[in-house]
Amino acid sequence: MGDVPPRSQYDDLVHPRTQKKPSPQVEAEKDLVVEDPSSGFVGAVVRCEKDVVHLEDRFGKVRAYPLGPGFWVDGRPVVLVRPKVNTISGPQRSASGSTYVVGARARVAREGRIYVEGKHDAELVEKVWGHDLRIEGVVVEPLHGVDDLPGIVRDFKPQSGRRLGVLVDHLVTGSKETRIAQQVTGAHSLVVGHPFIDIWQAVKPSVVGIKAWPTVPKGEDWKTGVCRRLGWEDDTGYVWAQRILARVNQWTDLEPVLIGRVEELIDFVTED
């Protein structure tokens with residue numbers, strides 16, 4: 001075979017154009033459009049958990065995938081990773097926009113209370129104002145129907161140091177809710193409300209990916225009518241939890257009229 005030339009120190013090098021580069025890591029930030037090439041599913045990131053990313057396509061269908069390789073972004077393979085948690089120097093803000101008190105323990109509950117009209121209302125108030133309420137020692141309880149309001153006020157017996165604040169849906173001129181609210185009087189009780197038929201409408205339409213909340217004729221169940229017109233699931237509990245509440249992250253996701261009323265109630269109940 002003849003003489004074999006000596007081995008060169010460059011024999012193991014790979015030409016740069018033939019060397020396979022690793023896929024870049026991309027943080028699964030909200031609204032990032034991602035494709036799963038194995039199934040063809042394309043969707044925007046709606047939330048990212050410890051090891052799972054949830055994608056929603058343009059028809060509203062949501063699928064969950066494990067984080068890692070196997071995705072495409074802008075037509076290129078990527079490795080999806082959890083978004084980094086930003087470390088903020090200086091005062092941090094809670095979901096309501098107030099100063100976040102790091103390491104603060106919840107205050108012993110005051111005797112005063114805030115009642116809101118329904119479970120969904122209570123969950124929304126907790127998600128946005130929960131930190132503030134714990135710092136101030138204010139308990140929020142659901143009012144299961146505005147018809148119960150006069151009886152609750154009578155049993156609660158509002159007085160100095162024991163104030164009662166109430167948030168009512170659809171508090172507009174001439175409504176049943178307004179007529180009932182007008183029965184509540186006294187310096188230690190405050191009833192305020194918003195004009196929306198349901199607390200769902202207090203979430204800005206853009207937050208849930210729609211142009212506007214649909215109009216539902218009087219006499220038809222509002223939540224059911226909304227789901228039907230938007231092509232959402234007929235389980236209103238699921239819709240609230242997954243399509244609406246899950247997308248609310250801070251006070252700017254809500255309509256200003258609701259923000260003002262909740263802040264007013266917290267100030268009223270905590271007034272010495």
Side-chain angles (χ1 to χ4, degrees), residues 23-86 94-96 118-130 142 169 196-216 220-255 258:
S23 299
Q25 292 188 347
V26 175
E27 295 183 12
E29 298 282 1
K30 186 177 180 181
D31 297 329
L32 175 71
V33 177
V34 178
E35 179 180 355
D36 170 33
S38 64
S39 64
F41 186 84
V42 179
V45 175
V46 290
R47 68 181 183 278
C48 186
E49 299 168 350
K50 182 179 179 181
D51 299 309
V52 178
V53 62
H54 297 259
L55 307 179
E56 180 177 6
D57 68 8
R58 61 192 181 94
F59 303 107
K61 186 174 183 179
V62 178
R63 289 187 182 179
Y65 294 92
L67 288 168
F71 298 97
W72 284 2
V73 171
D74 295 330
R76 296 182 178 182
V78 301
V79 178
L80 280 187
V81 297
R82 288 184 66 192
K84 294 184 179 67
V85 179
N86 294 326
S94 69
S96 70
K119 178 183 176 183
H120 292 180
D121 303 57
E123 291 173 339
L124 183 62
V125 170
E126 165 59 28
K127 184 164 188 180
V128 177
W129 285 274
D169 296 344
F196 310 119
I197 296 174
D198 190 272
I199 198 67
W200 288 18
Q201 287 181 297
V203 178
K204 291 179 178 178
S206 58
V207 172
V208 297
I210 59 176
K211 292 183 178 180
W213 290 103
T215 300
V216 178
E220 181 180 353
D221 180 74
W222 190 84
K223 289 190 179 81
T224 302
V226 165
C227 294
R228 183 179 299 119
R229 286 162 178 79
L230 294 177
W232 288 351
E233 297 83 355
D234 57 6
D235 184 342
T236 57
Y238 173 87
V239 168
W240 165 249
Q242 299 300 324
R243 290 189 175 274
I244 305 174
L245 186 63
R247 299 190 180 188
V248 174
N249 295 307
Q250 56 187 348
W251 62 280
T252 54
D253 294 333
L254 307 178
E255 297 291 355
L258 176 69

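Predicted, not measured: the structure shown is a model, and the values here were computed from it.
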Trainee: Quick check: do V203 and L254 have side-chain heavy atoms less than 4.5 Å from each other?
Mentor: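 Yes, at least one pair of side-chain atoms sits under 4.5 Å.
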Trainee: For the residue pair W213 and W200, does the interplanar ring angle fall in the parallel (under 30°), tilted (30 to 60°) or perpendicular (over 60°) class?
Mentor: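 Tilted: the ring planes of W213 and W200 meet at 30° to 60°.
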Trainee: Measure the spacing between CD of E233 and CD of Q242 and express it to the nearest 0.5 Å.
Mentor: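 Between E233 CD and Q242 CD, I get 9.0 Å after rounding to 0.5 Å.
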Trainee: Decide side-chain contact (heavy atoms from CB on, under 4.5 Å) for E27 and R82; before the verdict, give the C-alpha distance in whole Å, the side-chain angles of both, and the deciding distance to 0.1 Å.
Mentor: CA-CA 6 Å; E27 295 183 12; R82 288 184 66 192; over 6 Å; no
Trainee: Minimum heavy-atom separation for D169 to I197, with atom names?
Mentor: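 Nearest pair, atom of D169 first, then I197: CB-O, 4.0 Å.
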Trainee: Are any side-chain N or O atoms of R243 and backbone N or O atoms of G60, one a donor and one an acceptor, separated by less than 3.5 Å?
Mentor: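 Yes; judged by distance alone, with no hydrogens or angles, the pair exists.
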Trainee: Side chains of L245 and K127: closer than 4.5 Å at any heavy-atom pair?
Mentor: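 Result yes, sub-4.5 Å side-chain heavy-atom pair found.
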Trainee: About how many Å separate CZ of R229 and OG1 of T224, when rounded to the nearest 0.5 Å?
Mentor: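 Spacing of OG1 (T224) from CZ (R229) equals 10.0 Å.
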Trainee: What distance do C48 atom SG and K30 atom NZ have between them, rounded to the nearest 0.5 Å?
Mentor: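 If I round to the nearest 0.5 Å, the distance is 13.0 Å.
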Trainee: Locate the shortest heavy-atom distance separating V79 from P69; write the atom from each residue and the value.
Mentor: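 That closest heavy-atom pairing would be CG1-N, 3.8 Å.
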Trainee: So how far is it from L67 CG to E49 CD, rounded to the nearest 0.5 Å?
Mentor: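 So the CG of L67 and the CD of E49 are separated by 9.5 Å.
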Trainee: Starting at NZ of K84, measure out to CD of E29 and round the result to the nearest 0.5 Å.
Mentor: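 CD of E29 is found 9.0 Å from NZ of K84.
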Trainee: What distance separates W251 CH2 from L258 CG, expressed to the nearest 0.5 Å?
Mentor: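 It is 12.5 Å, given to the nearest 0.5 Å.
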Trainee: Give a yes or no answer on whether the side chain of K223 reaches the backbone of G237 with a donor-acceptor pair at less than 3.5 Å.
Mentor: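 Judged by distance alone, no pair lies under 3.5 Å.
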Trainee: Which heavy-atom pair separates P214 from W222 by the least distance, and what is that distance?
Mentor: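 Closest pair (atom of P214, atom of W222, distance): O-NE1, 4.3 Å.
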Trainee: Between L80 and V34, does a side-chain contact (heavy atoms from CB on, under 4.5 Å) hold up when you go through it step by step?
Mentor: CA-CA 9 Å; L80 280 187; V34 178; 3.9 Å; yes
Trainee: Test side-chain contact (heavy atoms from CB on, under 4.5 Å) on D234 and C227; report intermediate values, then the result.
Mentor: CA-CA 6 Å; D234 57 6; C227 294; 5.8 Å; no
Trainee: Evaluate the criterion side-chain contact (heavy atoms from CB on, under 4.5 Å) for residue pair I210 and W232; output intermediate values, then yes/no.
Mentor: CA-CA 12 Å; I210 59 176; W232 288 351; 4.1 Å; yes
Trainee: Under the salt bridge (charged side-chain N to carboxylate O under 4.0 Å, His left out) definition, can you give me all pairs with a residue in residues 61-73, not counting sequence neighbours?
Mentor: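 Of all non-adjacent pairs touching residues 61-73, none passes salt bridge (charged side-chain N to carboxylate O under 4.0 Å, His left out).
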Trainee: Just list the side-chain donor-acceptor pairs under 3.5 Å for residues 36-43, sequence neighbours left out, or say none.
Mentor:
residue	atom	partner	partner atom	Å
D36	OD1	S38	OG	2.8
D36	OD2	S38	OG	3.1
D36	OD2	S39	OG	2.6
S39	OG	F41	N	3.3

Trainee: Answer yes or no: are there more than 12 heavy-atom neighbours, outside K119 itself, under 6.0 Å from its atom NZ?
Mentor: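 No, because the 6.0 Å sphere around NZ of K119 holds 12 heavy atoms or fewer from other groups.
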Trainee: Hey, are the side chains of P77 and E35 touching, using non-hydrogen atoms and a 4.5 Å cut-off?
Mentor: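 A side-chain contact under 4.5 Å is absent here.
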Trainee: Flag the pair V26 / V81 as yes when at least one side-chain heavy-atom distance between them is below 4.5 Å, and no otherwise.
Mentor: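 Answer no - side chains too far apart.
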